[in-house]
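Beneath this line is the structure, given in structure tokens, with notes to follow.
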Amino acid sequence: MSDRAPQPVERQLPTEESRDLLALVRDMIQREIAPRAAAEEDAGHFPREIFALLSQSGLLGLPYDAEYGGGDQPYEVYLQVLEELAAARLTVGLGVSVHSLACHALAGYGTKEQQATHLPAMLGGGLLGAYCLSEPSSGSDAASLRTKAVRDGDDWVITGTKAWITHGGVADFYTVLARTGGEGARGITAFLVPGDAEGLNAAAPEKKMGMKGSPTAQLHFDGVRVPDSRRIGEEGQGFAIALSALESGRLGIAACAIGVAQAALNEAVSYATGRQQFGRPIADFQGLRFMLADMATQIEAGRSLYLAAARLRDAGRLFSREAAMAKLFCTDAAMRVTTDAVQVLGGYGYTLDFPVERFMREAKVLQIVEGTNQIQRMVIARHLVGPETR
């Protein structure tokens, strides 16, 4: 509506290679992702062809070792790529984050033989992954999961149901957490399960208020047989592996949230500078200018927070608290910014003719996935004052 085109985010990237990488990503977004995003989301189309293109371009394994087909990029760079992808279409940005999460266990805890066997295809061979921790009765209390894996000779037999699985039913492999021992966190083990394993079936995708192009489904494991060579880490180490993956995954969600918020701000600025009321652009009115300024400030603060946490991770330092803070702040900010963007557009913001209503619906799920924001507050508080007393 306005001739004032949004300017690309000015990014501080560590190398010339990373700057070239970002230019490649932006070009791909403009050619392949952004023009189709609104129509495909409305139609509920899962863009598997986009993920194939991302894999072919080396963008599905950015934070992993080049030895196995990864991009050898620091998290500081990987997360900014995620932000750009999510700003164009959250289904794609979040999908890349989930795929990276699904690769984390094998890349970090697998044997050299396992990594050499599976990682090249997972990171750059066109495969798409999913992460299976949550269950119908265990969400925030993930250590209470009930899916069981029982040893049978050289195999494990997995039985149970996983819930809220992004890419459920379309993924080529699943990182699955299952109970192999007693109750609690120490009885859980991780497995790498092929997407076409016999006895593995997906329910119909959930009908969601947003991210309609990204399938989310329950997975039913009916005696799925997996060889012990696909067990990741030691028996009983699964929950520790899961928490390690989630720490990094929360940074991915934070980056995606800032991407959605940035897209909403861009739309709000474009509309406000073009919409005329009382003989002048509505961007001239102080109340609206202050709203836009607050939106931009929240975005910049969130971006700085997730990048600070990423740099800690890249330096090999502890970053659990900072990851929780980034996930909490960035997703809450995205919810506020997208809601304000709808308000800036007024009645038009509430229609399907403009994308801000989609951004608002999408932002909501980011406050929930990979640990609700209430759980993030618990994590942060434990770092400050220690665990809760019973």
Side-chain angles (χ1 to χ4, degrees), residues 8-15 18-19 21-22 25-26 29 59 62-64 71 73-90 92-101 104 131 243-266 294-338 359 362-380 383:
V9 175
E10 291 189 13
R11 301 193 180 276
Q12 295 182 2
L13 296 165
T15 64
S18 61
R19 288 187 283 274
L21 172 64
L22 194 70
V25 171
R26 285 175 168 171
I29 285 170
L59 297 175
L62 284 179
Y64 293 109
Q73 292 296 317
Y75 243 65
E76 173 187 4
V77 173
Y78 159 67
L79 292 179
Q80 293 186 80
V81 169
L82 271 191
E83 183 191 327
E84 296 271 344
L85 291 171
R89 187 177 180 188
L90 184 59
V92 175
L94 187 66
V96 172
S97 181
V98 167
H99 176 82
S100 181
L101 183 71
H104 182 277
Y131 184 76
L243 292 184
S244 174
L246 287 173
E247 284 181 359
S248 296
R250 285 165 182 164
L251 293 182
I253 299 301
C256 286
I258 293 304
V260 173
Q262 184 69 58
L265 175 62
N266 290 348
D294 286 345
M295 294 161 71
T297 300
Q298 292 175 74
I299 291 169
E300 288 297 333
R303 184 175 291 126
S304 296
L305 192 56
Y306 86 64
L307 286 174
R311 289 169 184 138
L312 286 176
R313 186 189 188 280
D314 290 334
R317 296 171 59 186
L318 297 177
F319 66 101
S320 174
R321 183 187 69 164
E322 289 77 10
M325 288 177 170
K327 199 275 184 181
L328 167 64
F329 183 89
C330 292
T331 58
D332 279 354
M335 194 71 244
R336 289 191 297 268
V337 168
T338 55
F359 299 150
E362 290 177 340
K364 184 63 221 177
V365 76
L366 299 176
Q367 295 177 300
I368 299 170
V369 296
E370 294 192 29
T372 67
N373 282 5
Q374 287 68 36
I375 291 294
Q376 306 313 312
R377 289 176 169 89
M378 291 173 63
V379 171
I380 296 163
H383 281 278

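- By the side chain to side chain contact (heavy atoms under 4.5 Å, CB included) test, E247 is found to be paired with F319, S320, residues two or more places apart in sequence or in another chain being considered.
- Annotation: salt bridge (Lys or Arg N to Asp or Glu O under 4.0 Å) contacts of R336 (sequence neighbours excluded): none.
- L312 is not listed as a side-chain neighbour of L318, based on a closest heavy-atom distance of 4.5 Å or more.
- Nearest heavy atoms, T331 versus Q367: O-CG, 3.7 Å.
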Show your reasoning for whether salt bridge (Lys or Arg N to Asp or Glu O under 4.0 Å) applies to K327 and E370.
CA-CA 9 Å; K327 199 275 184 181; E370 294 192 29; over 6 Å; no

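- A distance of 5.0 Å separates CD of Q80 from OH of Y306, quoted to the nearest 0.5 Å.
- Residues Y78 and S97 meet the side-chain proximity criterion, which asks for heavy atoms closer than 4.5 Å.
- Using a distance-only test at 3.5 Å, with no hydrogens or angles considered, a donor-acceptor pair links the side chain of S304 to the main chain of E300.
- Side-chain N or O atoms of T338 include one that pairs as donor or acceptor with a backbone N or O of M335 at under 3.5 Å.
- Atom CG of L79 is separated from atom CG of D314 by 8.0 Å, given to the nearest 0.5 angstrom.
- Atom CD1 in I375 sits 4.5 Å away from atom OG1 in T372 (nearest 0.5 Å).
- Judged purely by atom type and a 3.5 angstrom limit, R19 uses its side chain to pair as donor or acceptor with the backbone of L13.
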Intermediate values then yes/no, side-chain contact (heavy atoms from CB on, under 4.5 Å), V96 and L82:
CA-CA 7 Å; V96 172; L82 271 191; 3.7 Å; yes

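- With sequence neighbours excluded, the residues that form a side chain to side chain contact (heavy atoms under 4.5 Å, CB included) with R311 are E76, L307.
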